[in-house]
Amino acid sequence: MSATPTRRMIGVMLLIPVIAALALTAFAWPAARVAPHDVPVGVAGPASATAPLQQGFERQPDAFEVHRYDDEAAAREAIEGRDIYGAVVVTAEGPHLLTASAAGPVVAQLLREAVTAQAPTGTQVPVTDVVATPSGDPRGSVFGASMLPLTLGGVATGVLVHLLALRGVRAVGALSGAAALAGLTATALAHSWLDVLAGDWWAEAGAFGLAALAIGATVAGLATLVGQAGIGLGALLMVLIGNPFSGVSSAPEFLPEPFGVIGQLLPPGASGSLLRSVAFFDGNAAVTPALTLTAWAVLGLAAVLVGSRRASATPGTPGSPGSPDAPARTREPAPAA
């Protein structure tokens, strides 16, 4: 028996608060629990001189993961390679802080505060921003806000492919073409117009495009395999889980454990890490997020192809033999006796 209008009305009334509560929890809870967890930082100089600095970092349990380097050159190389977020170098004049605001302005600010707190009262600690954010986005706020539109665009692509009943090779072509155009468009806006990215133009376009493909293919694949419920599952995975756990606006190490790690295994988090690498760090540390996105894209496209074959082999499925919209087979007239 189908639900009456009254029951449907009550169902909507009960469902909407649940959805709102889930969305609020997914987006607000990580923001309310932002704190450093094993943030990789460095100290450079003689062991005897850097020991007090290392002890100062270790006074905050589990907040920092300290790496030791011989000199400033080694520390700079580690920062540019995205091995650490920053380093304190001991010089004859005192400590000198190296940061990389392009890796996360929130982390750079945290390091300034932590090093200043250890310095003697009234001492000014010089700071060098080794990899700075572009002039068009000095606080990194535009970069942090870019992931949600990219995620929504990818989800919308997957939904449209499913709703327009594109199957098989046509679905793969639509997803790939839309992702390529999305990458070009996003790079034209973010790099050429807003000036918030500073890397190789085509590498950035590739990162944007791969991100859009991974998200769109996943949603389309789930929808092809399980129907309308797949759209909801894909949106839940990408928007309500993947986006707030991406760590793009702060850093993965600032999210409650283990959600920072989980976020990097999902397309939104991997997209943010890949885009940072190609936009600011000459592609350093780009392999892992690129492989993560590629895996999601390949699995999503494979699901689209597998689901399309299964649907075409099932009688009654749109476009399959025996379905109402299948081409009618005409019987040839029998030859005259």
Colleague: Are V106 and V41 connected in a single hydrophobic cluster, I mean Ile/Leu/Val/Met/Phe/Trp/Tyr linked by side-chain heavy atoms less than 4.5 Å apart?
Modeller: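 Both belong to a single hydrophobic cluster.
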Colleague: Is there a side-chain contact between I84 and P40 (heavy atoms, below 4.5 Å)?
Modeller: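 The answer is yes, as the side chains (C-beta and beyond) meet within the 4.5 Å cut-off.
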Colleague: Can you name the side chain to side chain donor-acceptor pair (under 3.5 Å) partners of H67, sequence neighbours left out?
Modeller: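 For H67 the side chain to side chain donor-acceptor pair (under 3.5 Å) partners, ignoring immediate neighbours, are E65.
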Colleague: May I ask whether V88 and Y69 are part of the same hydrophobic cluster, defined by side-chain heavy atoms of I, L, V, M, F, W, Y residues being less than 4.5 angstrom apart, directly or through others?
Modeller: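 No, no single cluster joins them.
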Colleague: Could I get the full list of side chain to side chain donor-acceptor pair (under 3.5 Å) partners for S192, not counting sequence neighbours?
Modeller: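 For S192 the side chain to side chain donor-acceptor pair (under 3.5 Å) partners, ignoring immediate neighbours, are W201.
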Colleague: For residues 145-177, pull every pair meeting ring-ring contact (aromatic ring centres under 6.0 Å, His included), keeping only residues two or more places apart or in separate chains.
Modeller: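 Qualifying pairs, neighbours excluded: none.
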Colleague: Can you confirm whether more than 12 heavy atoms, excluding those of E113, are under 6.0 Å from its CD atom?
Modeller: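 It does: E113 CD has more than 12 such atoms within range.
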Colleague: Could you see if L213 belongs to whatever hydrophobic cluster contains L164? Use Ile, Leu, Val, Met, Phe, Trp, Tyr and a side-chain cutoff under 4.5 Å.
Modeller: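 The answer is yes; both residues are in one hydrophobic cluster.
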Colleague: For D83 and E77, what are the C-alpha separation, side-chain angles and deciding distance, and is it a side chain to side chain contact (heavy atoms under 4.5 Å, CB included)?
Modeller: CA-CA 9 Å; D83 295 323; E77 183 178 354; over 6 Å; no
Colleague: I'd like to know whether CG of D282 has more than 12 heavy-atom contacts from other residues, nucleotides or ligands below 6.0 angstrom.
Modeller: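 No, not enclosed.
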Colleague: Does F254 reach the side chain of L110, with side-chain heavy atoms less than 4.5 Å apart?
Modeller: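 Touching, per the 4.5 Å side-chain cut-off.
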Colleague: Do F245 and P268 have side chains that approach each other closer than 4.5 Å (heavy atoms only, starting at C-beta)?
Modeller: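 No, too far: nothing below the 4.5 Å cut-off.
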Colleague: Distance from L175 atom CG to I215 atom CD1, nearest 0.5 Å?
Modeller: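 Rounded to the nearest 0.5 Å, the CG-CD1 separation comes to 12.0 Å.
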Colleague: So that I can tick it off, tell me whether R76 and E72 are bridged by a salt bridge, with the cut-off set at under 4.0 angstrom between side-chain N and carboxylate O.
Modeller: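 Here E72 pairs with R76 in a salt bridge, since their nearest N and O are under 4.0 Å apart.
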Colleague: Does L237 share a hydrophobic cluster with V155, counting links as ILVMFWY side-chain heavy atoms below 4.5 Å and allowing steps through other members?
Modeller: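 Yes, one cluster joins them.
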Colleague: More than 12 heavy atoms of other residues, nucleotides or ligands under 6.0 Å from CG of D71: yes or no?
Modeller: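 Correct, the count exceeds 12.
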Colleague: For residues V115 and V127: do they belong to one hydrophobic cluster (side chain heavy atoms under 4.5 Å, members Ile, Leu, Val, Met, Phe, Trp, Tyr)?
Modeller: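 Yes, same cluster.
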Colleague: Is the shortest heavy-atom distance from the side chain of S271 to the side chain of L293 under 4.5 Å?
Modeller: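 Heavy-atom side-chain distance check passes, below 4.5 Å.
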Colleague: Contact between F208 and L197 at the side-chain level, heavy atoms closer than 4.5 Å - yes or no?
Modeller: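 SC-SC contact between F208 and L197 confirmed.
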Colleague: If I take atom CG from residue L255 and atom NE2 from residue H37, how far apart are they, to the nearest 0.5 angstrom?
Modeller: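 Result: 8.0 Å between the selected atoms.
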Colleague: Just wondering, do Q228 and V159 contact through their side chains at under 4.5 Å, heavy atoms?
Modeller: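 No, their side chains stay 4.5 Å or more apart.
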Colleague: When you look at L184 and W202, which way does the side chain to side chain contact (heavy atoms under 4.5 Å, CB included) test go after all the steps?
Modeller: CA-CA 8 Å; L184 295 173; W202 291 104; 3.5 Å; yes
Colleague: Assess the residue pair S246 and L266 against the criterion (side chain to side chain contact (heavy atoms under 4.5 Å, CB included)); give the C-alpha distance rounded to whole Å, side-chain angles, the decisive distance to 0.1 Å, and a yes or no.
Modeller: CA-CA 8 Å; S246 66; L266 296 174; over 6 Å; no
Colleague: Under 4.5 Å between any side-chain heavy atoms of L111 and F57, yes or no?
Modeller: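 Of all side-chain heavy-atom pairs linking F57 with L111, at least one is under 4.5 Å.
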Colleague: Near E58 CD, under 6.0 Å, is it more than 12 heavy atoms from other residues, nucleotides or ligands?
Modeller: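 Atom CD in E58 is crowded, with more than 12 foreign heavy atoms closer than 6.0 Å.
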Colleague: From D38 CG over to F64 CZ, what is the distance, rounded to the nearest 0.5 angstrom?
Modeller: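 Going from CG on D38 over to CZ on F64, the span is 10.5 Å.
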Colleague: Can you tell if the side chain of Q264 reaches within under 4.5 Å of the side chain of T292, non-hydrogen atoms only?
Modeller: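 Counting from C-beta outward, Q264 and T292 never come under 4.5 Å.
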